[in-house]
Amino acid sequence: MTARRLKLTVAYDGSAYHGFQRQQNALAVQQVLEERLAPLFGHQLRMTGAGRTDTGVHAWGQTVHFDTEGRIPAERIPRAARGMLPADIAVVAAEDADTSFHARRSAVAKRYLYRLRHDAPESPFGRHYAWMVTKKLDVAAMEKATEYILGQHDFSSFRAVGSAPVQPVRTIFSAGWQAEGNLLTFHVCGDGFLYHMVRNLVGAFAAVGRGELLVDEFAALVKAKDRSLAPPTAPPQGLFLQKIFYQWAKNEIYFFQGIDSRDVF
């Protein structure tokens with residue numbers, strides 16, 4: 001029987017998982033997907049994801065692919081998976097893909113968003129889905145600093161210490177902030193991101209908002225290519241992998257205006 005390649009779009013609450021990628025001694029989203037969905041296809045599954053995501057990080061539009069000899073029609077997979085997966089993981093779309101499709105290598109862009117609640121008292125509600133920052137932030141200064149990451153740069157100042165020695169140059173197509181009351185959402189879309197890059201950027205932007213880092217100092221930090229000079233990493237729970245792009249869609253990739261996080265979540 002000829003194998004087929006399936007492409008799934010997966011959403012998950014990452015609070016209970018050690019990231020997406022299967023781990024040796026910890027529970028990851030990939031493991032749950034592979035083990036729980038195997039009976040649906042009649043054999044063991046080995047999935048490839050578009051992005052790893054860290055412990056506690058969430059996804060609205062993670063993409064995975066895998067090969068299977070199972071014959072279930074793609075349009076039936078999301079509904080069938082609903083009864084096989086835990087409540088914090090869902091298959092939101094499925095389609096047959098060309099055998100050349102690769103969830104990670106075929107991607108042309110990724111879009112993340114990061115949520116902060118600022119100038120608000122500590123609360124046990126929503127703590128898994130936003131960074132609670134009690135101090136009021138200067139959003140205008142943060143927006144100004146964001147302009148310095150647009151375009152192509154070496155983002156070594158915002159890569160995790162000890163991460164794999166990959167090419168640090170990335171292109172950011174769009175980035176900006178959206179305020180809804182005391183909820184502040186950072187949207188960013190680029191051709192790729194270094195390990196912890198979005199969280200490190202947000203950590204630096206928050207330092208600008210608190211007045212601990214001037215906008216000009218942030219601009220110099222981008223040019224310095226030195227992680228040791230940057231502020232601490234923002235926590236994982238505010239980060240969401242929103243969408244993986246596999247073809248150029250300028251109205252979505254280059255502009256974040258009009259995206260309302262209340263429509264996403």
**OP:** Mind checking the OG1-CG spacing from Thr171 to Asp191? Nearest 0.5 Å is all I need.
**Re:** 4.0 Å
Original post:
Quick one: CD on Gln178 to CZ on Arg115, what's the gap to the nearest 0.5 Å?
Top reply: 11.0 Å
Original post:
Any link between Leu239 and Leu184 through a network of hydrophobic side chains (Ile, Leu, Val, Met, Phe, Trp, Tyr) touching at under 4.5 Å?
Top reply: yes
Original post:
Between Phe193 and Phe155, is the ring centre distance below 6.0 Å?
Top reply: no
**OP:** Scan for ring-ring contact (aromatic ring centres under 6.0 Å, His included) pairs involving residues 15-55, sequence neighbours excluded, and state none if there are none.
**Re:** Phe41-Phe66
Original post:
Counting only N and O atoms by type, is there a donor-acceptor contact under 3.5 Å from the side chain of His118 to the main-chain atoms of Ala206?
Top reply: no
Original post:
Which pair of heavy atoms, one from Asn200 and one from Ala160, lies closest together, and at what distance?
Top reply: ND2-N, 3.9 Å
Original post:
Would you call the rings of Phe205 and Trp177 parallel, tilted or perpendicular, where under 30° means parallel and over 60° means perpendicular?
Top reply: perpendicular
Side-chain donor-acceptor contacts of residues 131-142 below 3.5 Å, not counting sequence neighbours, with atom names and distances?
{"from": "Lys135", "atom 1": "NZ", "to": "Arg210", "atom 2": "O", "distance (Å)": "3.3"}
{"from": "Asp138", "atom 1": "OD1", "to": "Ala140", "atom 2": "N", "distance (Å)": "3.3"}
{"from": "Asp138", "atom 1": "OD1", "to": "Ala141", "atom 2": "N", "distance (Å)": "3.1"}

**OP:** Any pair with a residue in residues 99-109 that passes salt bridge (charged side-chain N to carboxylate O under 4.0 Å, His left out), sequence neighbours left out, goes on the list, sorted by first then second residue, please.
**Re:** none
Original post:
Taking it one step at a time, do Tyr148 and Val215 satisfy side chain to side chain contact (heavy atoms under 4.5 Å, CB included)?
Top reply: CA-CA 9 Å; Tyr148 290 98; Val215 173; 3.7 Å; yes
**OP:** Report yes if the side chains of Thr233 and Arg227 come closer than 4.5 Å at any heavy-atom pair, otherwise no.
**Re:** yes
Original post:
Under the 3.5 angstrom rule, does the side chain of Arg199 hit a backbone N or O of Ala234 as a donor-acceptor pair?
Top reply: yes
**OP:** For residues Val166 and Arg159, determine if any side-chain heavy atom of one lies less than 4.5 Å from a side-chain heavy atom of the other.
**Re:** yes
Subject >> Expected output: side-chain Arg52 to main-chain Gly49 donor-acceptor under 3.5 Å >> reply: no
**OP:** Please check if the side chain of Arg4 supplies one atom and the backbone of Gly70 the other of a donor-acceptor pair under 3.5 Å.
**Re:** yes
Subject >> Linked, directly or transitively: Phe240 and Tyr12 (ILVMFWY side chains, under 4.5 Å) >> reply: no
Original post:
Taking the side chain from Gln21 and the backbone from Ala28, do they hold a donor-acceptor pair closer than 3.5 Å?
Top reply: no
**OP:** Measure the OG1-CG distance between Thr55 and Leu27 for me, rounded to the nearest 0.5 Å.
**Re:** 10.5 Å
Subject >> Leu241 with Leu8, same ILVMFWY side-chain cluster at under 4.5 Å >> reply: no
**OP:** Any chance you could lay out the side chain to side chain contact (heavy atoms under 4.5 Å, CB included) test for Phe101 and Thr63, step after step, and finish with the verdict?
**Re:** CA-CA 11 Å; Phe101 173 80; Thr63 302; 4.1 Å; yes
**OP:** Start with the C-alpha gap between Gln247 and Val108, add the side-chain angles, then the distance that decides, and say whether side chain to side chain contact (heavy atoms under 4.5 Å, CB included) holds.
**Re:** CA-CA 6 Å; Gln247 58 184 6; Val108 297; 5.7 Å; no
Original post:
Same cluster for Val202 and Val188 if Ile/Leu/Val/Met/Phe/Trp/Tyr side chains link at under 4.5 Å?
Top reply: yes
Original post:
Going by heavy atoms in the side chains, are Val208 and Leu214 under 4.5 Å from each other?
Top reply: no
Subject >> Nearest-0.5 Å distance, CD1 of residue Ile172 to CD of residue Gln152 >> reply: 10.5 Å
**OP:** Taking all non-hydrogen atoms of both residues into account, name the closest pair between Phe158 and Ala204 and its distance.
**Re:** CE2-CB, 3.9 Å
**OP:** Any chance you could measure Thr9, atom OG1, to Ile244, atom CD1, to the nearest 0.5 Å?
**Re:** 9.0 Å
Subject >> Test side chain to side chain contact (heavy atoms under 4.5 Å, CB included) applied to Ile89 and Arg36, step by step >> reply: CA-CA 11 Å; Ile89 302 177; Arg36 295 288 189 94; over 6 Å; no
Subject >> Connected via hydrophobic side-chain network under 4.5 Å: Leu229 and Met197 >> reply: yes
Subject >> Any donor-acceptor pair under 3.5 Å from Tyr246 side chain to Ala103 backbone >> reply: yes
Subject >> Heavy-atom pair of closest approach, residues Lys225 and Ser156 >> reply: O-CB, 3.6 Å
Original post:
Does His65 reach the main-chain N or O of His102 with its side chain, forming a donor-acceptor pair under 3.5 Å?
Top reply: no
**OP:** Taking the side chain as every heavy atom from C-beta outward, state whether Pro168 and His153 have any pair of such atoms under 4.5 Å apart.
**Re:** no
Original post:
If you take all heavy atoms of Ala145 and Phe218, which pair is closest and at what distance?
Top reply: O-CE2, 3.3 Å
**OP:** For residues Leu150 and Ala175, report the shortest heavy-atom separation together with the two atoms involved.
**Re:** CD2-N, 3.7 Å
Original post:
How long is the gap from CG on Leu37 to CG on Leu45, to the nearest 0.5 Å?
Top reply: 6.5 Å
Original post:
Hey, does the side chain of Gln62 reach the backbone of Ala50 with a donor-acceptor pair shorter than 3.5 angstrom?
Top reply: yes
Subject >> Heavy-atom side-chain proximity of Pro86 to Val32 below 4.5 angstrom >> reply: yes
Original post:
What is the minimum heavy-atom distance between Leu194 and Gln167, and which atoms define it?
Top reply: CD2-O, 3.6 Å
Original post:
Hey, is the main chain of Asp226 close enough, under 3.5 Å, to the side chain of Ser157 for a donor-acceptor pair?
Top reply: yes
**OP:** Verify, without hydrogens or angle tests, whether Arg22 (side chain) and Arg46 (backbone) share a donor-acceptor contact under 3.5 angstrom.
**Re:** no
Subject >> Pairwise side-chain contact, Met84 with Pro39, heavy-atom cut-off 4.5 Å (strictly under) >> reply: yes
